Amino acid sequence: MYMDILEKDKNLFLSTYNRLPLNIDFGQGVHLFDKEGNRYLDFFSGLAVNALGYAHPRIVQAVADQISKFAHLSNNYITDIQIEFTELLLKYAKMSKAFLTNSGTESIEGAIKLIRKKFGPDKKIFALTDSFHGRTYGALSLTGRQKYKTGFEPLLPNISYINFNDVADLEKKIDNDTAAIFLELIQGEGGINLVSQDLITKIIELKKRYSFLIVADEIQSGIGRTGRPFAYNHFNLSPDIVVVAKAIGGGLPLGAFLVSPEISDVFEIGKHGTTFGGNPVSCAAGKVVLEVVFESGLMNEVAELGDYFFNQLLEIKKMFPGDIKDVRGKGFMIGIELSYECSDIVKEMREKKVLVNCTNKNVIRILPPLISTKSDIDFFLFNLHETLKTKNNK
Ligand code: PLP
């Protein structure tokens, strides 16, 4: 039965995805149910999208209410729901103005356009090695990981990279010709790598001298995932541009780039636009996400439970030093670096009805829904422990 849809997948779609062998029927809370009635604990939550899990009653209601009024009007109109959503988003990001999009990569594109418009074509834009900023041409040009770029060159000119956490490299490369630096403060795709406070301190110091813009790519790490509103809140950093997507739409396509007052008039009317960006139904879901994460205490629970989760993982690391090389992350954004490729462990966990993702070949990436409880975490820990125990006894 499942083979049928895998066969159809091959016939119908360009082969860009490595599909999981599950035929999902529906989701509820932190669980996914397949057509055979199996229940899975979903600890990668649509790659950090489903922050409130599946079928959250308030999201379902908000979407139904909005879609029964209008699903789409076009950006020739501004609507109450877009305003209510954006007021909350700007308030928690402490930014001045927003442009709403449909996705992460599109938000990055908008930020690049704003930077180019402000500084012209010749000034350099930097990102960090191992970063991931998206798949469209501008965002791909910024992405540090070569494997995503091979075959698609030439990419945008005047984009270069700072070696990850290399303060000396930063000092060498940043100068008067710098327009901006893009930062994923906790690299997701790259393997849950935390930017060092030393690098951030030096960037802030250099910004005073050279007046470039700091862009925080919070597409994966934002909206409470790390136990703070945004990952930059861990670093005492005030970015000039904040880019969000993924969790912000409660499962519907939505993204945004947010700017500081100093650059809020770079675009004039007609200089940037989108048909679907800021869709009212997505904004209705997004408003619920912001209210639940930031105003009901959920983010504080993520911070507390994230510490518990992290410490328990360190205990497991002590028990299996030959398997686990490192545990990294903050809140509910955690990477377990294995000393071997993680595909077998991910498969074994799936057989135990726990879903996790593997990134950068040997890092188990855990991105649980923010509504996960201690008992969900304990279920995960128990099964990871069992999986490693069985592997070591073989
Ligand atoms: N930036 C980061 C940090 C991401 O994690 C992603 C997606 O994984 C993107 C950008 C691209 O977002 P999207 O897939 O919505 O285009």
Side-chain angles (χ1 to χ4, degrees), residues 16-18 44-51 93 99-113 115 125-145 147-149 152 155-156 159 161 164 180-195 214-226 229-232 234-235 237 239 241-258 274 276-279 282 285-286 289 328-335 356-360 363 365-368:
T16 58
Y17 299 112
N18 207 355
F44 73 96
S45 55
L47 289 167
V49 167
N50 303 314
F99 182 93
L100 303 184
T101 71
N102 308 283
S103 67
T105 200
E106 215 188 319
S107 308
I108 295 281
E109 295 295 325
I112 296 174
K113 279 178 72 179
I115 292 161
I125 301 177
F126 286 94
L128 301 188
T129 52
D130 267 343
S131 58
F132 181 80
H133 296 290
R135 307 270 196 166
T136 51
Y137 256 89
L140 188 63
S141 307
L142 270 182
T143 290
R145 301 190 70 196
K147 76 164 194 175
Y148 295 107
K149 300 194 284 192
F152 301 111
L155 299 169
L156 281 188
I159 292 186
Y161 301 93
F164 189 73
I181 177 160
F182 278 70
L183 298 170
E184 242 187 308
L185 291 140
I186 303 181
Q187 293 185 333
E189 199 71 20
I192 315 292
N193 307 316
L194 279 73
V195 168
I214 300 175
V215 187
D217 178 343
E218 294 278 351
I219 289 166
Q220 195 166 141
S221 56
I223 324 296
R225 171 145 302 278
T226 65
F230 297 92
Y232 61 78
H234 294 277
F235 293 87
L237 174 71
I241 303 179
V242 176
V243 187
V244 292
K246 287 195 183 273
I248 192 68
L252 276 74
L254 186 61
F257 59 100
L258 317 175
T274 159
F276 280 118
N279 171 268
S282 302
V289 171
R328 300 185 286 267
K330 282 197 185 294
F332 279 4
M333 185 170 186
I334 303 179
V356 283
N357 171 256
C358 174
T359 191
N360 212 1
V363 181
R365 178 167 43 166
I366 314 172
L367 299 163

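Counting starts at 1 for both ligands and their atoms, following the listed order. Worth saying up front: this structure is predicted, and the values here are computed from it rather than measured.
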Counting distance only, does the side-chain N/O of K330 pair as donor-acceptor with the main-chain N or O of A231 below 3.5 Å?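 No, K330 side chain to A231 backbone: no donor-acceptor pair under 3.5 Å.
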One thing to verify: whether E218 and R225 come together as a salt bridge, which I'm taking to mean a side-chain N less than 4.0 angstrom from a carboxylate O.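 Answer for the salt bridge query: no.
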Would the Y148 and F132 ring centres measure less than 6.0 Å apart?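 They qualify: ring centres under 6.0 Å apart.
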For F257 and V244, run side-chain contact (heavy atoms from CB on, under 4.5 Å): C-alpha distance rounded to whole Å, both residues' side-chain angles, the deciding distance at 0.1 Å, then the answer. CA-CA 6 Å; F257 59 100; V244 292; over 6 Å; no
Flag for S221-T226: side-chain donor and acceptor within less than 3.5 Å: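 No, because no side-chain N or O of T226 sits under 3.5 Å from a partner of the opposite role on S221.
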Any idea which residues sit under 4.0 Å from ligand 1, heavy-atom distances?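 Heavy-atom contacts below 4.0 Å: S103, G104, T105, F132, H133, G134, E184, D217, I219, Q220, K246.
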Can you tell me if F164 has over 12 outside heavy atoms packed within less than 6.0 Å of its CZ?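 Yes - once you tally the heavy atoms of other residues, nucleotides and ligands closer than 6.0 Å, there are more than 12.
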